[in-house]
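Here is the structure we will look at, set down as structure tokens.
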Amino acid sequence: DGYLWLGTEYGLVRFDGVQAVPWQPPSNQHLPSNEIDRLLAGRDGTLWIGTSKGLVSWKDGKVTAYPEVGEYKVVTLLEDRDGAVWVGVLSFFSPANLCAIRNGRVQCSGQEGRLGVGVLSLYEDSKGNLWAGVQDGVWRWKPGPPQFYSVPNQDPNFGIGALAEGDDGAPLIATDRGIRRLVDGKFEPFPLPGPARQFNARFLLRDRDGGLWIGTVGEGLI
């Protein structure tokens with residue numbers, strides 16, 4: 001509908017190009033928290049709202065809660081090519097850190113603890129593989145049985161905060177020591193032009209012209 005939705009630590013804001021207006025749900029509905037951490041505009045018009053205490057969606061004047069996700073911090077949201085919405089949460093108490101929502105049904109994974117404290121990033125590549133970044137590595141979650149790839153020397157305090165895809169289709173992983181490529185199951189440095197440098201990469205974006213944008217800690221934007 002043309003509105004820009006902004007998630008802030010004080011609630012959800014709707015911007016119409018002129019004014020930023022705090023959004024309020026109907027009187028008999030509510031958000032689990034006013035701290036909005038992630039937003040996703042679904043292809044069917046649903047606005048997915050990830051908060052510090054759980055997930056809700058907004059469509060046709062109705063707020064829908066998803067208690068299966070738990071009252072945890074929503075770190076990442078992604079809609080895959082099949083229309084499923086994937087939710088990664090950060091939780092030091094519940095090991096169910098990755099949930100998929102399909103046609104209103106919620107299925108969560110990680111109860112056995114293999115996802116650690118949370119799924120920090122999600123990415124679907126051009127081949128339909130779903131990748132999930134965790135504290136110390138990445139999972140290729142689907143299709144087929146999930147497979148884990150440990151990132152050598154990764155600081156678990158930072159984790160894998162972003163994923164992207166190289167020109168050759170190889171996954172690109174943002175680490176605390178720069179960008180790495182996953183090739184044949186092994187990690188190798190991603191070559192950047194200019195002098196060799198190390199930086200803590202936190203965000204990745206491939207633009208429509210093929211450019212790679214890297215948001216860092218302490219080094220600004222590359």
Side-chain angles (χ1 to χ4, degrees), residues 1 3-15 20-124 129-135 138-139 141-142 146 159-163 202-205:
D1 56 8
Y3 289 108
L4 184 66
W5 294 90
L6 309 174
T8 81
E9 60 185 307
Y10 302 110
L12 186 61
V13 175
R14 193 176 73 171
F15 182 63
V21 179
W23 177 83
Q24 296 293 332
S27 58
N28 60 337
Q29 304 177 49
H30 67 278
L31 300 180
S33 169
N34 281 329
E35 182 181 329
I36 312 301
D37 294 305
R38 285 292 181 271
L39 294 173
L40 173 69
R43 291 191 291 270
D44 65 352
T46 300
L47 180 66
W48 297 87
I49 306 167
T51 79
S52 63
K53 294 184 179 180
L55 176 76
V56 298
S57 64
W58 167 255
K59 186 181 182 184
D60 298 330
K62 181 182 179 182
V63 174
T64 301
Y66 299 89
E68 298 91 343
V69 175
E71 297 181 358
Y72 305 113
K73 184 180 183 70
V74 176
V75 182
T76 182
L77 292 167
L78 178 142
E79 182 179 16
D80 69 18
R81 61 182 59 190
D82 298 322
V85 172
W86 294 82
V87 188
V89 305
L90 183 66
S91 168
F92 296 94
F93 308 104
S94 171
N97 301 122
L98 180 61
C99 297
I101 303 174
R102 301 179 179 89
N103 301 317
R105 299 182 61 184
V106 184
Q107 182 178 5
C108 295
S109 303
Q111 290 88 344
E112 70 293 331
R114 58 179 167 171
L115 297 175
V117 300
V119 172
L120 308 177
S121 55
L122 291 166
Y123 183 77
E124 185 181 39
N129 295 301
L130 181 70
W131 298 88
V134 294
Q135 279 183 296
V138 296
W139 286 87
W141 198 255
K142 74 176 185 78
I160 305 301
L163 302 158
R202 301 304 300 149
F203 298 97
L204 297 177
L205 175 69

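In this text, all values refer to a predicted model and were calculated from it rather than measured experimentally.
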Measuring only between side-chain heavy atoms, which start at C-beta, is [X] closer than 4.5 Å to [Y]?
| X | Y | answer |
| --- | --- | --- |
| Pro22 | Tyr10 | no |
| Leu31 | Trp58 | no |
| Ile101 | Trp48 | yes |
| Trp141 | Leu115 | yes |
| Ile36 | Thr8 | no |

Spatial distance of atom [atom1] ([X]) from atom [atom2] ([Y]) [nearest 0.5 Å]:
| X | Y | atom1 | atom2 | answer |
| --- | --- | --- | --- | --- |
| Asn129 | Lys142 | CG | NZ | 8.5 Å |
| Leu98 | Leu122 | CG | CG | 6.0 Å |
| Ser33 | Glu9 | OG | CD | 10.5 Å |
| Lys62 | Thr46 | NZ | OG1 | 11.5 Å |
| Leu6 | Leu39 | CG | CG | 8.0 Å |
| Thr51 | Arg38 | OG1 | CZ | 12.5 Å |

Specify the closest pair of heavy atoms between [X] and [Y], including all atoms of both residues, with the distance to one decimal.
| X | Y | value |
| --- | --- | --- |
| His30 | Pro25 | CA-CG, 3.9 Å |
| Pro26 | Gly61 | CG-O, 3.8 Å |
| Gly118 | Val134 | O-CG1, 3.6 Å |
| Phe203 | Ala162 | CA-CB, 3.7 Å |
| Glu79 | Arg43 | OE1-N, 3.0 Å |
| Val74 | Asp37 | O-CB, 3.4 Å |

More than 12 non-hydrogen atoms from neighbouring residues, nucleotides or ligands closer than 6.0 Å to [atom1] on [X], yes or no?
| X | atom1 | value |
| --- | --- | --- |
| Asn103 | CG | no |
| Phe15 | CZ | yes |
| Gln29 | CD | yes |
| Arg81 | CZ | yes |
| Glu71 | CD | no |

In a check of side-chain contact (heavy atoms from CB on, under 4.5 Å) between Trp86 and each of Leu40, Leu78, Thr76, which one passes?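 In the set Leu40, Leu78, Thr76, the residue that makes a side-chain contact (heavy atoms from CB on, under 4.5 Å) with Trp86 is Leu78.
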Among Leu55, Val56, Ile49, whose side-chain contact (heavy atoms from CB on, under 4.5 Å) with Pro32 holds? Val56
Pair Val75-Val119, side chain to side chain contact (heavy atoms under 4.5 Å, CB included): steps then yes or no: CA-CA 7 Å; Val75 182; Val119 172; over 6 Å; no
Whether the side chain of Asp82 engages the backbone of Ala84 through a donor-acceptor N/O pair (distance < 3.5 Å, no angle test) should be reported. no
Between Glu68 (side chain) and Val106 (backbone), is there a donor-acceptor pair under 3.5 Å? no
Chi angles and distances behind the side chain to side chain contact (heavy atoms under 4.5 Å, CB included) call for Cys99, Tyr66: CA-CA 10 Å; Cys99 297; Tyr66 299 89; over 6 Å; no
